Amino acid sequence: IKMNNCRQREYDIIIYPATSDEGILLVNYFVNEVGNQYEWGIASGNDDIHSLRNISRFIQDSLDSTDTHYIVADIDDKESIVNMTERTHILINCVSINKNHNSTIISACIETRTDYLDTSIDANHITALIEEFDDWALQNNVYILPGCNATSVLTDIGVFLSRE
């Protein structure tokens, strides 16, 4: 994989929050279709730690893996969000519409030069994110791709992974 930056990172892709409905759908897809082809992990906040551990066990059992594949990153703790984003090349945000949530994560992605996808479907929300972050992302050579709902996110991941 040739990613956005040359820096080695622990993961190619992180799904956040993996405990959301869309996150669970993506985890199932990754288990069944991606498997161990890429280094990918899951993350969620402290309030979802029990569910996150269960999803991690599901991944371990399904992929016959001993790796825990999860990160605790609380949206109210910017440091934990930055720690998560600097560990991956691509972050998939599965929170559809929450401007404060998405802004925190996108800021962290740009700061750590991590490409960003989200599953939002609201055109006004997507427009606002582009207006707020487009110039900053371009200056840092970071792809910010809001609006990749569950039906298109997998194609969008393919685009990210195939770029040179």
Side-chain angles (χ1 to χ4, degrees), residues 1-45 48 52 55-56 59 63 65 67-75 78-98 101-121 125-126 129-130 132-164:
I1 296 176
K2 184 164 179 137
M3 295 291 175
N4 186 24
N5 54 60
C6 297
R7 209 169 81 176
Q8 282 294 91
R9 300 203 180 184
E10 185 177 354
Y11 297 102
D12 298 315
I13 301 166
I14 290 178
I15 300 168
Y16 178 85
T19 54
S20 70
D21 291 340
E22 291 169 344
I24 290 169
L25 286 173
L26 266 172
V27 166
N28 279 311
Y29 175 84
F30 270 63
V31 164
N32 292 315
E33 302 298 328
V34 176
N36 292 318
Q37 293 176 37
Y38 297 101
E39 292 298 322
W40 60 278
I42 59 173
S44 198
D48 294 331
L52 191 61
I55 294 168
S56 178
I59 294 168
L63 298 179
S65 171
D67 196 358
T68 58
H69 287 286
Y70 77 84
I71 299 166
V72 176
D74 199 338
I75 194 63
K78 173 82 182 231
E79 185 178 331
S80 71
I81 297 297
V82 168
N83 181 16
M84 172 183 64
T85 61
E86 67 187 3
R87 294 171 69 182
T88 188
H89 291 281
I90 300 170
L91 181 90
I92 304 173
N93 180 7
C94 296
V95 173
S96 294
I97 300 175
N98 184 327
H101 176 97
N102 291 349
S103 293
T104 299
I105 294 174
I106 293 172
S107 294
C109 283
I110 295 171
E111 288 171 19
T112 60
R113 290 185 161 75
T114 300
D115 292 328
Y116 170 92
L117 296 164
D118 77 30
T119 58
S120 59
I121 57 172
H125 175 71
I126 293 168
L129 289 177
I130 291 169
E132 183 176 354
F133 293 106
D134 192 50
D135 289 339
W136 187 23
L138 285 170
Q139 291 169 0
N140 286 283
N141 195 31
V142 174
Y143 285 84
I144 303 297
L145 192 55
C148 306
N149 66 30
T151 59
S152 69
V153 72
L154 303 175
T155 302
D156 296 322
I157 291 169
V159 170
F160 272 120
L161 296 176
S162 66
R163 75 168 194 223
E164 291 188 19

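It should be emphasised that the depicted structure is a prediction, and the values quoted were computed from it without experimental measurement.
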Query - Heavy-atom check, side chain of L91 versus side chain of Y116, under 4.5 Å - result: yes
Query - Any side-chain heavy-atom pair of I75 and I105 under 4.5 Å - result: yes
Query raised in the report: Could you give the distance from OH (Y16) to CD1 (I81), rounded to the nearest 0.5 Å?
Result: 3.5 Å
Report summary line: Across all chains, not counting sequence neighbours, the side chain to side chain contact (heavy atoms under 4.5 Å, CB included) partners of L138 are D134
Requested in this report: Rounded to the nearest 0.5 Å, what's the gap from OH on Y143 to CG on D115? Could you check?
Outcome: 7.5 Å
**Report entry** Pair T114, T85: side-chain N/O donor-acceptor within cut-off below 3.5 Å
**Finding:** no
Query - S107 side-chain N/O to S103 backbone N/O, donor-acceptor pair under 3.5 Å - result: yes
Query raised in the report: Only one of R87, H89, E86, E39 forms a side chain to side chain contact (heavy atoms under 4.5 Å, CB included) with E10, so which one is it?
Result: R87
Query raised in the report: Between G35 and L63, what is the shortest heavy-atom contact and its length?
Result: CA-CD2, 3.7 Å
Report summary line: To the nearest 0.5 Å, atom CG of L25 lies from atom OG1 of T119 at 10.0 Å
Query raised in the report: Taking C-beta and beyond as the side chain, do K78 and T104 meet within less than 4.5 Å on heavy atoms?
Result: yes
Query raised in the report: Is the closest side-chain heavy-atom distance between V34 and I13 below 4.5 Å?
Result: no
Query raised in the report: From E33 CD over to N28 CG, what is the distance, rounded to the nearest 0.5 angstrom?
Result: 11.0 Å
Report summary line: When rounded to the nearest 0.5 Å, the distance separating CD1 of I42 from CD1 of I92 is 12.5 Å
Query - Closest contact, heavy atoms only, A43 versus L52 - result: C-CD1, 3.9 Å
Query raised in the report: Do I106 and L129 have side-chain heavy atoms sitting under 4.5 Å apart?
Result: yes
Query - Main-chain N/O of A18 paired to Y70 side chain as donor or acceptor, under 3.5 Å - result: no
Report task. Would you indicate whether the side-chain heavy atoms of Y11 and M84 approach each other to under 4.5 Å? Result -> no
Report summary line: Here the pair of heavy atoms bringing A137 nearest to I144 is CB-CG1, 3.5 Å
Requested in this report: Taking the side chain as every heavy atom from C-beta outward, state whether W40 and I59 have any pair of such atoms under 4.5 Å apart.
Outcome: yes
Report task. Output all residues satisfying side chain to side chain contact (heavy atoms under 4.5 Å, CB included) with D74, sequence neighbours left out; order by chain, then residue number. Result -> N46, D76, D77, S80
Query - Spatial distance of atom CD1 (I55) from atom CD1 (I24) [nearest 0.5 Å] - result: 4.5 Å
